[in-house]
Peer 1: 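Got a structure for you, written out below as structure tokens; questions coming shortly.
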Amino acid sequence: MGTNYYEKLTRKHLGKSSAGWCFTLHIYPKEGINTLNDLMKSIKTIPFFKPIVDEYGKKLSKKEFLKIVTERSWPERDEKHPRYKNWEQFLQTNRAELGPNNLLRHKIDRFCIGHGEGTWDYCIGDFS
């Protein structure tokens, strides 16, 4: 389960936060939005206006959103995975790899086209 975030005025999808994972940052290469910095510059803003909303209607400032993307971590994981034979099986099954701050991150493929400089991945396409 995760939370999706949108630019409030246009409803452009910004990404998804899922527990234990690097933030899935939605980029738009055809629009010149290839990095977190590009995405933040593209968000419309007016002083004192909260330009971001989550899927539940909660409004956030750009600063609050950046904190969700860049200040992520997860507690140290147990040696044994609770539902898989081991962590290697989990990583392989979920197309994941170990990331920073005990987080998981997406393997680079046609959906995840790169890893960010911190606790986020650059992803394209449709999100669920």
Side-chain angles (χ1 to χ4, degrees):
M1 184 170 162
T3 302
N4 286 286
Y5 294 87
Y6 303 88
E7 197 277 333
K8 186 178 174 188
L9 295 176
T10 63
R11 295 293 294 174
K12 177 178 274 192
H13 187 252
L14 304 176
K16 184 174 184 177
S17 174
S18 298
W21 287 77
C22 287
F23 190 88
T24 306
L25 193 74
H26 199 165
I27 61 167
Y28 299 85
K30 291 180 181 178
E31 297 177 31
I33 300 172
N34 298 297
T35 66
L36 176 59
N37 191 42
D38 293 342
L39 187 68
M40 295 311 292
K41 285 180 186 177
S42 77
I43 296 172
K44 310 290 185 277
T45 188
I46 302 167
F48 311 109
F49 175 65
K50 292 194 172 187
I52 299 167
V53 64
D54 70 16
E55 64 186 283
Y56 307 105
K58 180 182 176 189
K59 298 173 187 170
L60 297 99
S61 67
K62 287 170 82 170
K63 184 177 180 179
E64 291 167 323
F65 176 72
L66 272 174
K67 186 174 180 179
I68 291 168
V69 175
T70 64
E71 296 182 20
R72 302 178 71 75
S73 65
W74 194 254
E76 195 167 326
R77 299 178 193 285
D78 293 333
E79 284 290 317
K80 187 173 178 345
H81 192 283
R83 290 184 297 242
Y84 288 83
K85 180 178 173 184
N86 54 41
W87 275 102
E88 285 303 314
Q89 183 187 37
F90 171 87
L91 294 171
Q92 185 175 25
T93 302
N94 291 281
R95 302 201 37 74
E97 58 186 70
L98 300 176
N101 301 342
N102 291 320
L103 294 166
L104 299 168
R105 73 178 339 146
H106 300 89
K107 280 194 173 187
I108 294 176
D109 59 13
R110 62 183 173 82
F111 170 70
C112 177
I113 62 171
H115 295 149
E117 300 77 16
T119 57
W120 61 94
D121 291 331
Y122 294 121
C123 298
I124 57 173
D126 295 325
F127 284 63
S128 57

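Hydrogens, waters and symmetry mates play no part in the numbers below; they use all other heavy atoms, side chains included.
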Peer 1: Might you work through the ring pair (Phe, Tyr, Trp, His ring centres under 6.0 Å) test for H115 and W120, ending with a clear yes or no?
Peer 2: CA-CA 7 Å; H115 295 149; W120 61 94; over 10 Å; no
Peer 1: How long is the straight-line distance from CG of N86 back to NZ of K80, given to the nearest 0.5 Å?
Peer 2: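 Output value for this atom pair is 8.0 Å.
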Peer 1: Donor-acceptor pair, distance only, cut-off 3.5 Å: does the side chain of S18 make one with the backbone of W21?
Peer 2: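 No, because the side chain of S18 does not come within donor-acceptor range (under 3.5 Å) of the backbone of W21.
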Peer 1: Do any N or O atoms from the side chain of E55 and from the backbone of N4 form a donor-acceptor pair under 3.5 angstrom?
Peer 2: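 Yes, E55 side chain to N4 backbone: donor-acceptor pair under 3.5 Å.
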Peer 1: Spell out, yes or no, whether Y84 and L91 are grouped together once hydrophobic residues are joined by side-chain heavy atoms under 4.5 Å, including indirect joins.
Peer 2: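 Yes, Y84 connects to L91 through the hydrophobic network.
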Peer 1: Quick one: CG on L25 to CE on M40, what's the gap to the nearest 0.5 Å?
Peer 2: 9.0 Å
Peer 1: If you count heavy atoms of other groups shown closer than 6.0 angstrom to NZ of K62, is the number above 12?
Peer 2: yes
Peer 1: Can you confirm whether L103 sits close enough to L98 that some side-chain heavy atom of one is under 4.5 Å from a side-chain heavy atom of the other?
Peer 2: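 Answer no - side chains too far apart.
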Peer 1: Classify the angle between the aromatic ring planes of Y28 and H26 as parallel (below 30°), tilted (30 to 60°) or perpendicular (above 60°).
Peer 2: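 Y28 vs H26 ring planes: parallel.
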Peer 1: Find the distance between CG (L36) and OG1 (T119) and round it off to the nearest 0.5 Å.
Peer 2: 9.0 Å
Peer 1: Taking salt bridge (charged side-chain N to carboxylate O under 4.0 Å, His left out) as the criterion, tell me which of R105, R95, K16 meets it with D121.
Peer 2: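 Among R105, R95, K16, the one that satisfies the salt bridge (charged side-chain N to carboxylate O under 4.0 Å, His left out) with D121 is R105.
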Peer 1: Apply the salt bridge (charged side-chain N to carboxylate O under 4.0 Å, His left out) test between E64 and each candidate in K59, K50, K58; give the one that qualifies.
Peer 2: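 When K59, K50, K58 are each tested with E64, the salt bridge (charged side-chain N to carboxylate O under 4.0 Å, His left out) holds only for K50.
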Peer 1: If you measure from CG on L39 to CD1 on I27, what distance do you get to the nearest 0.5 Å?
Peer 2: 9.0 Å
Peer 1: Quick one: does P29's side chain get under 4.5 Å of I124's, heavy atoms only?
Peer 2: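 With C-beta onward as the side chain, the pair touches.
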Peer 1: Check whether any side-chain heavy atom of H106 lies under 4.5 Å from a side-chain heavy atom of C22, and answer yes or no.
Peer 2: no
Peer 1: Please tell me whether F23 and F65 form a close aromatic pair, meaning their ring centres lie under 6.0 Å apart.
Peer 2: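 Between F65 and F23, which both carry aromatic rings, the centre distance is below 6.0 Å.
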Peer 1: Could you state whether Y122 and L66 fall into the same hydrophobic cluster, counting links through intermediate Ile, Leu, Val, Met, Phe, Trp or Tyr residues with side-chain heavy atoms under 4.5 angstrom apart?
Peer 2: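 Yes, Y122 connects to L66 through the hydrophobic network.
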Peer 1: Starting at OG1 of T93, measure out to NZ of K85 and round the result to the nearest 0.5 Å.
Peer 2: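 These two atoms lie 11.0 Å from each other.
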Peer 1: Does Y6 have K12 sitting over its ring (NZ/CZ under 6.0 Å from centre, angle to axis within 45°)?
Peer 2: no
Peer 1: Do V53 and R11 have side chains that approach each other closer than 4.5 Å (heavy atoms only, starting at C-beta)?
Peer 2: yes
Peer 1: Working to the nearest 0.5 angstrom, can you tell me the gap between N37 CG and I33 CD1?
Peer 2: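 Output value for this atom pair is 11.5 Å.
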Peer 1: Quick check: is V69 connected to I43 through a chain of hydrophobic side chains (ILVMFWY, heavy atoms under 4.5 Å apart)?
Peer 2: yes
Peer 1: Looking only at atom types and distance, does a side-chain atom of N94 sit under 3.5 Å from a main-chain N or O of A96, one as donor and one as acceptor?
Peer 2: no
Peer 1: Between P100 and R72, is any pair of side-chain heavy atoms under 4.5 Å apart?
Peer 2: no
